[in-house]
Amino acid sequence: MTTTLTPTGTPTRRPLRLPPWSAPTLGALGLAAAVALPWLVNAYLVSLAATALVMAVLAMSAQLLAGLAGLAPLGQAAYLVVGAYTAASIATLTSLGPVQLLAATAAGAVAAAVTGCLAARARGTTFLMVTFGLGELVHAAANQWAPGGSEGVHTPPVVALPGLPAMVRPGWVYLYVLACTLLVGAAVAVLVRTRFALLLRGVAAHEPRVQAAGQHTGRLLLAAYTIAGGIAGAAGALAIAVTRYVSPADAAMGISALALAAALIGSGSMTGACAGAVLLVAARDWASGLLGGHGPTLLGLCFLLLAYLPRHRLAGLTIRFPRRRT
């Protein structure tokens, strides 16, 4: 029998735990507030909220790799642009948003599957640099060969469902993007509870042990990279719905860095990554108007705080809800 001695006078901090009913209650209140947002704020804030939702979807893509597989990607904006240009091409045939969303998701997944053959072989800092290089290659290719070149492409308004008018008002566009974000979030929530997600966590914790169990870790990481690319492609289709415009600038490293920072703020949680994306977009765009154009400065300070704040303190900032025992 062993006894564990703890330093005297050092209190043990326990995470804040809320009652079981608080999670669904807060979720319902948050959803109600999100749906009612177009009737509560002006058009600019509604458009900003739609942009934040797009970034939240891209943050989920980065979180799938950083939070589950332990690989930090710095090129997810490349697959967002692939999905956006695919949606813009489909827009010449049909304005149906769901069709554009599915096509963009498939295009992002295919692009990630092709490039993932290279990225899935790397680990750690090498993976970060490989994904950064892939993102820059897509950025350069879009400047050279994408429709419209560096000027980009404009698209018509998206139609949510057959028979409905095109969505021109920011409120309707926001509600459409919100619905699509919730669908993507529900699919990701199911994914992170599967055996596949457990294997990815095992790879992140100790890859040789997973290999010893008979699992092909390279294939697991390639599958995760492909799924993350599909989610990023879906974000591209939603970006088209919001801005009705796509250009090679959307593949810039700053977009990928913002998504990765949101994933790191989330500290392994998809909900936290989405909240981080919303906060970072607010600091970059909304605070810029309040601070006389110094929003990027505030965003840079947020990045520095993220870099120097220990990871265990980031995890301690989150509120932990009690889980049901099975």
Trainee: Which pairs of donor and acceptor atoms, one on a side chain in residues 195-202, lie under 3.5 Å apart (sequence neighbours left out)?
Mentor:
none

Trainee: Determine, using the 4.5 Å side-chain heavy-atom cutoff (strictly less than), whether Leu164 and Tyr176 are members of one ILVMFWY cluster.
Mentor: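 As far as the 4.5 Å side-chain criterion goes, Tyr176 and Leu164 are not connected within one cluster.
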Trainee: How close do Ala262 and Ala59 get, counting heavy atoms only, and between which atoms?
Mentor: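 Heavy atoms of Ala262 and Ala59 come nearest at CB-CB, 3.8 Å.
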Trainee: Ignoring hydrogens and angles, tell me if any N or O in the side chain of Thr243 forms a donor-acceptor pair with the backbone of Ile240 under 3.5 Å.
Mentor: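 A pair under 3.5 Å: no.
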Trainee: To the closest 0.5 Å, what do you measure between CE (Met253) and CG (Leu258)?
Mentor: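 Met253 atom CE to Leu258 atom CG measures 11.0 Å (nearest 0.5 Å).
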Trainee: Run the side-chain donor-acceptor check on residues 105-125: report pairs under 3.5 Å with partners two or more places apart or on a different chain.
Mentor:
residue, atom, partner, partner atom, Å
Thr105, OG1, Leu101, O, 2.8
Thr115, OG1, Tyr79, OH, 2.6
Thr115, OG1, Ala111, O, 2.9
Arg121, NE, Cys117, O, 3.2
Arg123, NE, Glu207, OE1, 3.0
Arg123, NH1, Ala120, O, 2.6
Arg123, NH2, Glu207, OE2, 2.8

Trainee: Side chains of Leu238 and Val57, heavy atoms from C-beta outward: is any pair under 4.5 Å?
Mentor: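 Yes. Closest side-chain heavy atoms under 4.5 Å.
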Trainee: Out of Leu175, Val173, Leu45, which residue meets the side chain to side chain contact (heavy atoms under 4.5 Å, CB included) rule with Pro38?
Mentor: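 Per the side chain to side chain contact (heavy atoms under 4.5 Å, CB included) rule, the option paired with Pro38 is Leu175, out of Leu175, Val173, Leu45.
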Trainee: Donor-acceptor check, side chain of Tyr174 to backbone of Ala34, threshold 3.5 angstrom: yes or no?
Mentor: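 It does hold such a pair.
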Trainee: Using a 3.5 Å distance criterion without hydrogens, assess whether the side chain of Gln100 forms a donor-acceptor pair with backbone atoms of Thr94.
Mentor: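 Yes; at least one donor-acceptor contact below 3.5 Å.
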Trainee: Determine yes or no for a side-chain-to-main-chain donor-acceptor pair under 3.5 angstrom, with Thr51 supplying the side chain and Ser47 the backbone.
Mentor: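 Yes, Thr51 side chain to Ser47 backbone: donor-acceptor pair under 3.5 Å.
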Trainee: Test Pro73 against every option in Leu65, Val130, Leu134 by the side chain to side chain contact (heavy atoms under 4.5 Å, CB included) rule and name the one that passes.
Mentor: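 The side chain to side chain contact (heavy atoms under 4.5 Å, CB included) with Pro73 is passed solely by Leu65 among Leu65, Val130, Leu134.
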Trainee: Do Thr181 and Val177 come within less than 4.5 Å of each other through their side chains, counting heavy atoms only?
Mentor: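 The answer is yes, as the side chains (C-beta and beyond) meet within the 4.5 Å cut-off.
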Trainee: Locate the shortest heavy-atom distance separating Tyr85 from Ala142; write the atom from each residue and the value.
Mentor: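 So the two residues come closest at CE1-CB, 4.4 Å.
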Trainee: Does any part of the side chain of Leu64, heavy atoms only, come nearer than 4.5 Å to the side chain of Leu191, both counted from C-beta?
Mentor: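 SC-SC contact between Leu191 and Leu64 confirmed.
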Trainee: Is there a path of hydrophobic side-chain contacts, each under 4.5 Å between heavy atoms of I/L/V/M/F/W/Y residues, joining Trp172 to Leu31?
Mentor: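 In one cluster: yes.
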Trainee: For Trp145, look at atom CH2 and say whether over 12 heavy atoms of other residues, nucleotides or ligands are found less than 6.0 Å away.
Mentor: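 Open.
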Trainee: Would you name the heavy atoms of Ala252 and Ala77 that are closest together and state the gap between them?
Mentor: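 Taking every non-hydrogen atom into account, O-CB, 3.9 Å.
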Trainee: With a 4.5 Å heavy-atom cut-off, do Leu178 and Leu53 have their side chains touching?
Mentor: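 With C-beta onward as the side chain, the pair touches.
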Trainee: Take atom CD in Glu151; do more than 12 heavy atoms of anything else shown fall under 6.0 Å from it?
Mentor: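 No, not enclosed.
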Trainee: Heavy atoms only: give me the nearest Ala88-Val246 pair and the separation to one decimal.
Mentor: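 Nearest heavy atoms, Ala88 then Val246: CB-CG1, 4.2 Å.
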Trainee: Which residue pairs satisfy the side chain to side chain donor-acceptor pair (under 3.5 Å) criterion with at least one member in residues 256-265, sequence neighbours excluded?
Mentor: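 Output for this query is empty, none listed.
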Trainee: May I ask you to test the Leu260-Gln76 pair for a side-chain heavy-atom distance under 4.5 Å?
Mentor: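 Side-chain contact under 4.5 Å: no.
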Trainee: Taking Leu183 as the starting point, is it possible to reach Leu102 by hopping between hydrophobic residues whose side chains are less than 4.5 Å apart?
Mentor: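 No, separate clusters.
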Trainee: Among Val278, Asn42, Val281, which residue meets the side chain to side chain contact (heavy atoms under 4.5 Å, CB included) test with Leu48?
Mentor: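 Only match with Leu48 under side chain to side chain contact (heavy atoms under 4.5 Å, CB included): Val281.
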Trainee: Which heavy atom in Ala160 sits nearest to a heavy atom in Pro98, and how many Å separate them?
Mentor: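 It is O-CD, 3.1 Å.
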Trainee: Can you find a pair of side-chain heavy atoms, one from Pro248 and one from His139, that are under 4.5 Å apart?
Mentor: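 In short, these two side chains touch, coming nearer than 4.5 Å.
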